[in-house]
Amino acid sequence: MSQQDIADIAREVSSLRDMFHSRLTVVQCDASIHRVEEYDADDPTPIPEKMTVIGRGGTDFRPLFQFVENHDGTPQLVIYATDGFGDFPAHAPEIPCLWMLTAGSIPAEKIAFGYAIKMGG
């Protein structure tokens with residue numbers, strides 16, 4: 001992902017947190033989980049648009065969904081920002097998933113489950 005993709009994702013996710021006034025967990029992963037950051041609903045801290053991204057390549061979507069299953073509390077939604085290239089779980093998780101596809105991503109109809117939207121047009 002480009003730095004512009006990361007900035008766009010941060011703005012969109014911050015807007016969603018503000019709009020729905022909900023707790024947010026940001027998980028950075030590629031083939032494994034690298035960083036987990038928690039933002040409370042009342043926390044005014046914006047998600048940094050110039051965050052340092054760890055990993056970047058060899059994407060496997062399964063570790064994130066395993067993390068979600070084992071995480072305290074039941075999330076209401078998974079928002080996965082990606083180009084869509086990676087290994088999907090064998091079965092769709094029970095939790096709804098929104099895929100935010102970046103520029104140069106796979107076609108939305110190739111996403112194995114959930115709902116996919118293209119960012120930036």
Side-chain angles (χ1 to χ4, degrees):
M1 282 188 226
S2 71
Q3 189 59 48
Q4 184 61 52
D5 288 337
I6 293 164
D8 291 345
I9 290 162
R11 278 192 300 278
E12 291 296 328
V13 173
S14 288
S15 294
L16 288 169
R17 178 188 64 175
D18 295 343
M19 185 183 315
F20 294 106
H21 193 73
S22 58
R23 191 181 87 187
L24 176 69
T25 303
V26 176
V27 180
Q28 288 191 39
C29 58
D30 50 19
S32 62
I33 304 292
H34 293 289
R35 178 181 286 163
V36 178
E37 297 170 294
E38 299 277 347
Y39 297 89
D40 288 329
D42 295 321
D43 184 352
T45 306
I47 297 165
E49 291 182 16
K50 294 193 180 217
M51 72 172 72
T52 301
V53 176
I54 302 168
R56 302 185 77 108
T59 305
D60 185 340
F61 303 121
R62 296 170 293 190
L64 181 273
F65 291 101
Q66 290 168 348
F67 172 85
V68 168
E69 285 180 15
N70 297 323
H71 193 279
D72 289 339
T74 303
Q76 295 178 341
L77 175 68
V78 169
I79 301 171
Y80 208 124
T82 180
D83 61 11
F85 294 99
D87 296 318
F88 288 90
H91 304 284
E94 301 216 2
I95 185 166
C97 185
L98 173 65
W99 300 85
M100 293 174 57
L101 300 176
T102 60
S105 68
I106 66 172
E109 58 271 8
K110 298 275 186 183
I111 295 296
F113 56 84
Y115 302 96
I117 58 169
K118 281 267 202 181
M119 291 181 13

- Task: Test Y80 against every option in F113, Y115, F67, W99 by the ring pair (Phe, Tyr, Trp, His ring centres under 6.0 Å) rule and name the one that passes.
- Result: W99
- Item | Pairwise side-chain contact, L101 with M119, heavy-atom cut-off 4.5 Å (strictly under) | no
- Message: Using side-chain heavy atoms (C-beta onward) and a distance below 4.5 Å, is T25 in contact with R23?
- Response: yes
- Hey, what do you get for CD (Q76) to OG (S22), rounding to the nearest 0.5 Å? 7.0 Å
- Task: Kindly give the heavy-atom pair with the smallest separation between G104 and F85, and that separation in Å.
- Result: O-CE1, 3.6 Å
- Query: What heavy-atom pair brings C97 and F65 nearest, and what distance separates the two atoms?
  - Reply: SG-CZ, 3.8 Å
- D40 side chain vs D42 backbone, donor-acceptor pair below 3.5 Å: no
- Would L64 and I117 show up in the same hydrophobic cluster when neighbours are defined by side-chain heavy atoms closer than 4.5 Å? no
- Message: Quick one about Q66 and N70 (side-chain donor to acceptor, distance below 3.5 Å, no hydrogens or angles considered), yes or no?
- Response: no
- Task: Taking all heavy atoms of A31 and all of P63, pick out the closest pair and write down the distance.
- Result: O-CG, 3.3 Å
- Task: Please round to the nearest 0.5 Å and tell me the distance separating atom OG1 of T102 and atom CG of D83.
- Result: 5.0 Å
- Do the non-hydrogen side-chain atoms of V68 and I95 ever get within less than 4.5 Å of each other? yes
- Message: Can you confirm whether L98 sits close enough to V78 that some side-chain heavy atom of one is under 4.5 Å from a side-chain heavy atom of the other?
- Response: no
- Message: Hydrophobic clusters here meaning ILVMFWY residues chained together by side-chain heavy-atom distances under 4.5 Å, can you tell me if L77 and V27 are in one?
- Response: no
- Query: Can you find a pair of side-chain heavy atoms, one from F88 and one from D60, that are under 4.5 Å apart?
  - Reply: no
- Roughly how far apart are M100 CE and D5 CG, rounded to 0.5 Å? 9.5 Å
- Shared ILVMFWY cluster between I33 and I9, side chains joined below 4.5 angstrom? no
